[in-house]
Every structure is written in C-alpha cells, then in structure tokens.
Number of protein chains: 2
Amino acid sequence: MQPTPSIENYVRKYVDLNDEELAHFASAFKEVKVKKRQFLIQPNFVARHRYFVLKGAVRAYVVAEDDQDNTIQLAIEEWWISDYNSYMFQQPASMFVMAVEDSTLLQISFEDEQRLKASNYKYETFFRMIAERAAAFMQRRVITSLTMSAEQRYDLLIEKYPEMANRFPQYVIASYLGMTTEFLSRIRKQKLRSKG
Amino acid sequence: MQPTPSIENYVRKYVDLNDEELAHFASAFKEVKVKKRQFLIQPNFVARHRYFVLKGAVRAYVVAEDDQDNTIQLAIEEWWISDYNSYMFQQPASMFVMAVEDSTLLQISFEDEQRLKASNYKYETFFRMIAERAAAFMQRRVITSLTMSAEQRYDLLIEKYPEMANRFPQYVIASYLGMTTEFLSRIRKQKLRSKG
DNA sequence: CAAAAAAGTTGAACCAGTTCAACGTTTTTT
DNA sequence: AAAAAACGTTGAACTGGTTCAACTTTTTTG
C-alpha cells in the first residue's frame with residue numbers, strides 16, 4: 001500500500017482482464033478530490049456513487065437520537081465506501097460519508113456500475129466477489145460485537161488493521177468499535193501502564 | 001411463504017431464466033432433510049455447502065469463551081444459511097449451524113456453485129445479487145447494534161421479521177439480538193404490563 | 001503566531017444490561 | 001403417564017461501560 005493504488009491493479013487481483021477490458025473498466029470511474037471534513041453522502045439523499053479510495057481516509061457514520069455519531073465503516077487506500085443500503089437499492093441514505101483526510105477517490109455511479117456489469121461477464125464476477133467479501137467482513141464484525149469485550153475488540157482491530165488505528169482519530173475508532181471515546185482512552189492508558 | 005418455496009421460484013425473482021436454465025440451475029442443489037438439533041456445520045470443519053431453507057428453521061451460532069452461545073444468523077423458509085467466512089474462503093468454520101425444527105433444505109456445494117457461476121452469466125448475476133443483499137443486511141445489523149438499546153432492537157425485529165420471533169425459542173432470539181435470555185424476558189414482561 | 005476549534009484525558013456518579021441461583025412451565029422421551 | 005430435559009421467569013447483587021463536566025493537549029485557521 002506504499003505506492004498510490006490503481007483500480008487497474010485492484011481489479012486484476014480478482015479477475016483476469018486484457019488491456020482493452022482494463023481500460024474500459026477503468027473508464028467508468030471518475031477521479032474526485034475532497035478536502036478534510038467534506039461530505040460525499042448525506043442522510044435522506046440517495047447515494048448515487050460508491051467510492052474507491054486512492055489516497056486518504058474516509059468514514060461513514062450515522063447520527064443516533066442522542067446525537068452521538070456511530071461509525072459504520074472506515075476506508076483508507078484500496079477500500080471501498082458508501083452507504084450500501086442506499087447505493088444498492090437506490091433509496092435515501094441514513095449515513096454521512098465524510099473525508100477524514102484530504103482524499104483522492106474514484107467514484108462510480110450506480111447506473112455506470114449496472115452498465116459495466118451488463119457489458120462483460122468478468123466485471124459481473126468482480127462485483128460478485130467484492131460483494132461476497134463485504135458480506136463476510138460484515139459477518140465477522142457482527143461476531144466480534146456479539147462475543148468480545150470492548151478491550152478485546154480494540155485489540156483485534158490493532159492486530160488486524162493497525163493502519164486504521166493510526167489514520168483515524170481516537171473518537172472515530174471508539175465509535176467504530178461501539179464504545180465511548182472516554183472508555184477507549186481508559187483502555188489505552190491501562191495498556192501503556194502494563195506494557196511500559 | 002404459505003406454500004413450500006422452491007429454488008426455481010426464488011431464483012426467478014432475481015434473474016430471468018428459461019425452462020432449460022431453470023432446470024440446470026436447480027439440478028446443482030440436493031435436497032436434505034435434518035432433524036431438530038442436528039448439525040449441518042461445525043467449528044474447525046470447512047463448510048462445504050450453503051443451504052436454502054425449503055421448510056423448517058435453522059440457526060448459526062458461535063460459542064464464546066464463557067460458554068455462551070451467540071446467534072449469528074437465523075433462517076426460515078426462503079433464507080440462506082452457512083458460515084460464510086468458512087464457505088466462501090473454504091477455511092475452517094467458527095460456527096455451528098443447527099436445525100431448530102425438523103427441516104428440509106437444499107444444499108449446494110462450493111464446487112458446484114463455482115461451476116454454476118462459470119457456466120452462465122445469469123447465474124453469476126444471481127449470486128452477485130444475493131451477496132449484495134447479504135452485505136446490506138449485515139450492515140443494517142451492525143447499525144442497529146451500534147445505535148439501538150436492547151428493547152429497541154427487539155422491537156425492530158418484531159416489526160420487520162415477526163415470523164422469526166415466533167419460530168425460534170426466546171433464548172435464540174435474545175442471543176441473536178445481543179442480550180441475555182433473562183433480559184429479554186424482562187423486556188417482554190414489561191410490554192405485557194403496559195399494553196394489556 | 002495567536003486564537004479558536006478539535007481531539008484527548010480524568011474523576012466520580014450512574015445505569016443498562018449481566019450474573020447467579022432458585023423455581024415454574026412446556027416439550028420431549030421412554 | 002412419568003421422568004427428564006429444555007425453556008422461561010423472577011429477584012437481588014453486581015459490573016462493564018456510560019455520562020457529565022472540567023480540564024489539557026494538539027491541530028487548524030486567520
């Protein structure tokens with residue numbers, strides 16, 4: 001992940017495309033640059049795009065009744081992000097999607113994605129594969145939230161996605177893990193004490 | 001859902017198949033009958049199949065350190081069930097999948113599913129669509145677990161999937177919702193009192 | 001670089017949900 | 001039909017994590 005990723009390299013990890021296909025696939029995406037704190041998706045508007053992060057960091061969150069924000073998804077280089085319930089079913093979003101750093105993204109519209117999938121079997125396969133991975137990832141997240149303590153969930157994030165913990169502020173990590181920023185602060189303090 | 005569903009009717013909701021395709025698709029599935037409390041998948045074994053419920057009720061759960069079981073998935077007629085992290089990546093399972101009622105299922109093996117997807121564009125599209133729906137469903141579950149109280153989560157289940165609440169014992173529903181069976185008992189008691 | 005805004009820390013009181021143990025009820029098995 | 005097993009309920013003590021408010025540190029902005 002050191003060099004800036006490309007959608008061409010990414011798609012090739014899943015399906016074998018020739019140069020022409022690769023160019024055609026890539027042409028459906030449009031590069032967009034966003035500043036820190038800029039919104040890509042807002043509640044009540046339909047999410048027209050999904051985004052692939054080339055550079056930067058983006059989060060998706062919902063604001064609950066009590067005004068707390070709960071982070072639903074994190075994305076850095078080579079991750080996808082959107083409000084999937086809004087994007088896939090083209091219904092009003094419930095999430096904010098916001099840049100946490102100045103970021104460069106590739107966006108694809110719902111319609112262009114449909115055309116892409118209809119135009120080439122391999123593209124369909126690609127989107128099937130990333131959907132399967134997303135479902136499996138989400139299922140792991142459900143499992144950890146049901147079975148692990150706040151501290152264990154934090155440890156797991158650090159172990160499996162150390163990069164995430166560095167790129168996002170602590171209150172974002174805390175809300176992603178389903179705890180308050182104060183409690184995460186206490187967990188980290190305790191680790192410092194016991195580890196030196 | 002009154003009459004027993006069929007995989008033919010189900011797949012037609014997503015893609016338009018002619019009679020020959022329909023028969024070919026259906027032939028990849030094998031009907032299996034299981035008795036109440038029988039296991040379909042167990043931890044440490046690779047999940048070789050995914051299952052489509054024709055009749056009955058099935059649950060997937062993980063057993064945590066403290067011996068509590070946490071329900072990850074519920075399935076009744078026309079729902080799919082498996083340990084997706086095991087099935088999709090063909091790695092050892094972490095879940096039990098167990099029949100809660102005597103059930104009739106259609107099973108498809110990982111290899112047959114791969115062959116199916118490779119043999120016809122429309123089958124690939126079908127599996128892409130159900131994977132997307134699974135991802136969106138799981139994301140909604142993450143949202144509710146992050147943003148709602150135990151009582152609100154129960155209310156939402158009753159509202160959106162009333163059938164589920166009737167078909168599964170209360171301790172299964174409780175563990176699916178991320179609370180103890182005792183606490184769900186108290187929630188229900190309180191509702192009885194206030195509603196009559 | 002000063003001021004303001006955002007992010008992180010700490011203590012003390014609090015509470016939503018858990019735990020444990022005992023008991024009642026329903027379902028399954030023989 | 002009796003016994004056993006599974007499921008559900010209740011009370012009382014408890015705890016993992018929250019809340020609130022005040023404060024410190026870091027980052028952003030003019």
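Letters A, B, ... mirror the listed sequences (proteins, then strands); counts begin at 1. In what follows, every heavy atom counts, from backbone to side chain, and hydrogens, waters and symmetry copies are set aside.
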For [X] and [Y], I'd like to know if the aromatic rings sit close, meaning centre-to-centre distance below 6.0 Å.
| X | Y | result |
| --- | --- | --- |
| B:F126 | B:F25 | yes |
| B:W80 | B:Y87 | no |
| A:F52 | A:F29 | no |

Let me know the distance between [atom1] of [X] and [atom2] of [N], rounded to the nearest Å.
| X | N | atom1 | atom2 | answer |
| --- | --- | --- | --- | --- |
| A:L177 | D:dG16 | CG | P | 18 Å |
| A:N70 | D:dT18 | CG | P | 11 Å |
| B:I173 | D:dC7 | CD1 | C1' | 14 Å |
| A:Q170 | C:dG8 | CD | C1' | 7 Å |
| B:Y171 | D:dT9 | OH | P | 14 Å |
| A:Y154 | D:dG17 | OH | P | 15 Å |

Are more than 12 heavy atoms from other residues, nucleotides or ligands located less than 6.0 Å from atom CZ of A:R140?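 More than 12 heavy atoms, drawn from other residues, nucleotides or ligands, come within 6.0 Å of this atom.
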
Contacts under 3.5 angstrom, residues 32-39 of chain B side chains, donor-acceptor by atom type, not counting sequence neighbours:
from  : atom 1 : to    : atom 2 : distance (Å)
B:Q38 : OE1    : B:K35 : N      : 3.2

Do A:I187 and A:M179 have side chains that approach each other closer than 4.5 Å (heavy atoms only, starting at C-beta)?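 A side-chain contact exists here, since the closest heavy-atom pair is under 4.5 Å.
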
Using C1' atoms of five pairs at each end, report the bend of the helix from C:dC1-D:dG30 to C:dT30-D:dA1 rounded to 10 degrees.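 Rounded to the nearest 10 degrees, the bend comes out at 60°.
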
May I ask you to say whether B:E132 pairs ionically with A:K117, meaning some side-chain N is under 4.0 Å from a carboxylate O?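 Yes, charged N to carboxylate O under 4.0 Å.
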
Would you call B:K55 and B:E31 a salt bridge, taking side-chain N to carboxylate O under 4.0 Å as the test?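 Looking at B:E31 together with B:K55, the answer is no, because their closest N to O distance does not fall below 4.0 Å.
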
Base versus backbone protein contacts along nucleotides 12-30 of chain C [heavy-atom cut-off under 4.0 Å; B, S, -]: B----BBBB-------S--

Verify the contact: side-chain N or O of A:K189 to OP1 or OP2 of C:dT10, cut-off strictly under 4.0 Å; return yes or no.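 Yes, A:K189 has a side-chain N/O under 4.0 Å of OP1/OP2 on C:dT10.
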
